[in-house]
Amino acid sequence: MMHDIDRNNGSILELKDVTKSFGGIHALQGININIQRGAIVGLIGPNGAGKTTLFNMISGFLGMDRGEIRFNQKEISRLYPYDRSKLGIGRTFQLPKIFNNMSVLDNVLIGALQKSGDIGESKQRAMEILKDINMESLADSFPGDLPIASRKKLEICRALASSPTLLLLDEAISGLTPKETLEMIDLIEKLSAKGITLLIIEHVMKFIMNISQWIVVLNHGQKIAEDTPEEVARNETVIDAYLGKRELSC
Amino acid sequence: MKRAFTNYVVITMVCLFILPFGSFAMADAGSKTVKIGVILPLTGPQAPIGREVLRGIEVAADMVNDMGGIWNKQKISLVTGDAANSESARTETERLITVEKVKLLIGVYSSSLAFIVHPIADKYNVVFWETNAIADRLRQMGHENTYFFGPMASGWGSQAADCVVELIAPKLKKDPKELKIAVVYQGTEWGKSLSHDGFVKRANELGLNIVIDAPYDPNTMDFSSLILKIKRTNPDIVHTQNYLDDGYRLFRDARKNGLNPKVWIADGCPWAYVDEAFQKFGDDMNYVLDLNQVAGGNIWSLSPTTQSQYREFLDRYTKKYNVKSVAASSDVAVGFTSAIALFEHVLPAAGSLDPKKIAEVVNDLSLPATSTARPGGIKFAPQSDPVQAGQNIRAGVVARQIFNKKYYTVWPKDSAEIEAIFPAPPFGKRAFDDKNLEMLIK
Amino acid sequence: MEIFIQLIINGCLTGTTYALMALGLSIIFGTLGLINFAHGDFIMLAMYGGFLISLFSGMDPYLGLFIMLPISFVLGVGLYRVLFKRLIDAPEEAHIIATFGLSFVFQYGAMLLFSAEYKSVSTDYSADVFHIWNQYIDYPHIYGAMAAVILIALLISFLRYTNTGRAIRAVSEQRRGAMMIGINVHKIYAIAAGIGLCCIAVSGVSLITFESVHPTIGVHFNLLCWIIVVLGGIGSIPGTIVGAMIIAVLEMLVGYYFEPTLTTFAYFIMFLAILMIRPSGIFGIKERRA
């Protein structure tokens, strides 16, 4: 696994001319994005910009009208989500889609089982992941009883169980307290240090601008900018279209 | 969704408009024919019954035609309509009357279909000759040209009460008023008119002791609670009206819970004359008293001409449709007896299909029990009768006791084959040696 | 009091029959999210299956399961591939219309193959009654209850302790979440449909030992099973069992102490009352899928 975050390492994910409409509404129009291996990329845009639609396309829940998605140079746009997961794409959801009827350990275990199939080995791996994320004390509790921060972390743990190389995080810190946010930042940096490429949707500007090395801005289904956080913050189009009068402080 | 809906509409349209045209082929053979419409369920869940009734009617028409037809050598030609469900019953009846221009309809067997079909015939002033539909209310709808050849539900039930007084009480050597009677029936229109308006009402007139009057939900899967409730009243007689599923379940749960009345009356219960009952209950079916209209069951008591006519029907039916035998009370016999009475006793005298002329003939009809293979005889109540207008008031039922898969007529006295045996032993001890029967044969 | 106990015992026995009937629906609906209005007709076909096997081989219908279970599983997988797969992402109206259509096909098909006559299987124990403390229990129901208990135990341990079982639970609760960790949802759905049909086979075989089968018997079963599954909580096997017991005992008590014509009505009222208090059923999971 790679530990540097050199952006010249080549693309892990390439989107070419990705287009999707729902009825007459253009959800996404000719999106081209390259995600560099090992990077932390922020995906921002006002509500309805098409961020989650893009996530759904990358993870395989939505088909495209036109375009290409390449993961590690391989065209994946016709694969089912579970096949993409096996190739190394992990994902979390705005509202964590964890299994409330299973214990925290089982949630992670079932992810691990898809890799190895051996219950002992998988259990060990699940415990390791939980330990790594400081959740081992919760192993036997049920997710329904946990605060939102733990649920979000659990969803990340579960995704880690299938050893992703690209992890899509949908609103990683929304709804978290400042303390929990700091923990989440630590966690994300830890994941990045393991060489996992991260693509993050987030509304909290301060967080996303701080943590990302690269920012992609969507508005009305179109990519309006793509740059380093500093440049994006200065970009007139972005400020006009998306940020409006809101203050952009890093 | 939109496409699914379109498909649904298209399929419905096809069913409603295209399929009925299939039966056109059967219509109109020659010019000198008397066209008679037959409306019966010929496809769908009730088709097995409807098709048999149709065969009975067809054989009746064949026999009349082979004898030279009616009215100066005109042949009877049957035009069929399929009352597969309530919707097609409606459209098919309309078609027979307006497109095929039939002036007389015969059918429709089931009461629920009759409620749809009879008013349409009445609207067009077309005569309807009903083969079987038994619901009482059909006789009270003011349809002046509708005639009911078979018995009505309450008549069925009230004759059972007479049977208790005339047959069962003497056999049990008790005063009828001392006998404790439980009445159990489907809480449906049929059940209520047979058991409540028929049996219970007549039983009250006769001063009988009804200890429990229990309608039930026919969808019940386990009747244990009802059986336990009945068992607590310790009845001598259990009078039941059921269809098939509920009949099996009720009898099964009675046996299971040890409800052992002296007499079990199955009044107009289809389940009690289907092979399945013997499959399921074996010897425990012995001693059950089955009350039914039993078309063809009274053959030994008929006049020689009616007897030979009925035998000819049996013969023709088995040959024409390549079947082995005809059970008494089968649907084909219901169809035949209804149709032959119409073709033989009504149409020739009326001279045409004019409703008024037919009404005159029907009003004057009065034929004894020996003249039809449907028990009872033929005499119709006037259309002014508020309760049983157009009803064949002589249409009767007979009581038959079951021994080793055979039905022996035990009541009314005139047509009894054997002496009835009561009380019945408890379930599990009902094996019966046929040798014992010989002593009972009259 | 004695009567009361007798009613409760009878209710529980009927309840196990109901549970057995509803399990297949619970699994197919709970896992696939498929609204199957042909469930009762599947049971009808399974009853004919049991009937045919004992007719041609003379075997006890329960032994016939060794033949029926593999066939049912394969049929379930096939049905998923051919029909259900296309349906699950379609709007619910499509489920209803398609499965209603299937129901008609089954009913008319059975009518053509078997006629409208009633068929049943009589076994050595058909008429046997177990008499204890003045209580009457018939053997076909006892064996039915045993079959139900065995099947439920197998099912629960399968879902809890095997990898496929875990995957089924995961998929039924969070389809997208499950896909995202690499679970092949279509494979799991096909397996679940196969298992659902196996449960239906067991219930059909058990029913044929004390009920007669005819082409339209499934209509009432369908309503009953739906009420049980929704009452107990969608996707919950303990819920299905509890729902079945409640309905059966309620029927007994209403039939005895109240009014035998109102048994169906009574459980409808009960059903509505419970859903008003707990819209997701007694054991229901609140959150389901996106």
Side-chain angles (χ1 to χ4, degrees), chain B residues 1-5 7-8 11 43-49 51 184-188 191-192 212 214-232 244-245 247-249 252-253 255-259 270-271 274-284 427-428, chain C residues 3 6-7 9-11 13-14 17-18 21 90-94 96-98 101 107-108 111 115-122 126-127 129 131 135-138 140-141 207 210-212 214-217 219-221 223-224 248 251-257 259-266:
Chain B
M1 182 57 204
K2 202 172 156 192
R3 202 179 61 195
F5 183 72
N7 289 348
Y8 171 74
I11 291 165
T43 60
Q46 300 193 66
I49 296 172
R51 285 191 198 138
V184 194
Y185 53 97
Q186 290 191 333
T188 56
K192 281 178 196 152
I212 183 170
Y216 62 77
D217 178 345
N219 283 328
T220 309
M221 292 278 288
D222 189 321
F223 282 105
S224 294
S225 60
L226 178 62
I227 294 293
L228 292 173
K229 205 169 169 177
I230 296 167
K231 206 179 160 187
R232 212 174 46 173
L244 293 161
D245 269 335
Y248 293 131
R249 289 173 189 152
R252 175 194 75 199
D253 294 335
R255 176 167 82 162
K256 171 179 106 184
N257 288 294
L259 171 66
W271 71 270
V274 178
D275 254 0
E276 180 66 14
F278 301 108
Q279 270 270 332
K280 279 179 115 55
F281 304 119
D283 286 341
D284 283 335
F427 284 117
Chain C
I3 289 272
Q6 209 162 336
L7 289 171
I9 290 176
N10 271 306
L13 278 176
T14 312
T17 310
Y18 287 2
M21 286 162 63
E92 291 179 343
E93 293 90 332
I96 295 170
I97 292 172
Q107 284 178 27
Y108 280 80
M111 192 88 71
S115 84
E117 270 172 44
Y118 281 51
K119 314 268 187 200
S120 68
V121 173
S122 47
S126 282
V129 172
H131 192 173
Q135 317 275 325
Y136 298 87
I137 309 168
D138 58 322
H141 271 94
L207 279 170
F210 52 84
E211 283 282 330
S212 302
H214 55 94
T216 48
I217 197 171
V219 178
H220 175 64
F221 289 174
L223 182 72
L224 183 72
E251 272 186 338
M252 283 294 156
L253 298 182
V254 169
Y256 188 84
Y257 293 108
E259 181 59 61
T261 41
L262 295 180
T263 48
T264 309
F265 182 72

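Quantities reported herein were computed from a predicted structural model and do not represent experimental measurements. Chain letters run A, B, ... following the sequence lines, proteins first, then strands; residues in each count from 1.
- Side chain of C:H220 to main chain of B:N219: a donor-acceptor pair is present (N/O by atom type, distance under 3.5 Å, no hydrogens or angles).
- Of all the listed residues (B:G187, B:S224, B:G428), the one sharing the greatest number of non-hydrogen pairs under 4.5 Å with chain C is B:S224.
- The residue among C:K119, C:E251, C:E92 with the most heavy atom pairs within less than 4.5 Å of chain B is C:K119.
- Contact of C:L207 with chain B is made through the side chain alone, with heavy-atom distances under 4.5 Å.
- B:R255 meets the salt bridge (Lys or Arg N to Asp or Glu O under 4.0 Å) test with B:D284; sequence neighbours excluded.
- Proximity to chain B (any heavy atom under 4.5 Å) is restricted, for C:Y18, to the side chain, taken from C-beta onward.
- The side-chain contact (heavy atoms from CB on, under 4.5 Å) search around C:Y257 returns C:I3, C:F4, C:L7, C:L253, not counting sequence neighbours.
- Listed for the B:K231 side chain is no donor-acceptor partner under 3.5 Å among the backbone atoms of B:L259.
- The side-chain heavy atoms of B:N257 and C:N10, taken from C-beta on, include a pair separated by under 4.5 Å.
- Relative to the six-membered ring of B:Y185, B:K192 misses at least one condition, a distance below 6.0 Å or an angle of at most 45° to the axis.
- For the set C:F221, C:Y118, C:Y136, the count of heavy-atom pairs under 4.5 angstrom toward chain B peaks at C:Y118.
- Comparing B:L228, B:L226, B:I227 by heavy-atom pairs within less than 4.5 Å of chain C, the highest count is held by B:L228.
- Considering only heavy-atom pairs separated by less than 4.5 Å from chain C, the leading option among B:W271, B:Y216, B:F281, B:F427 is B:Y216.
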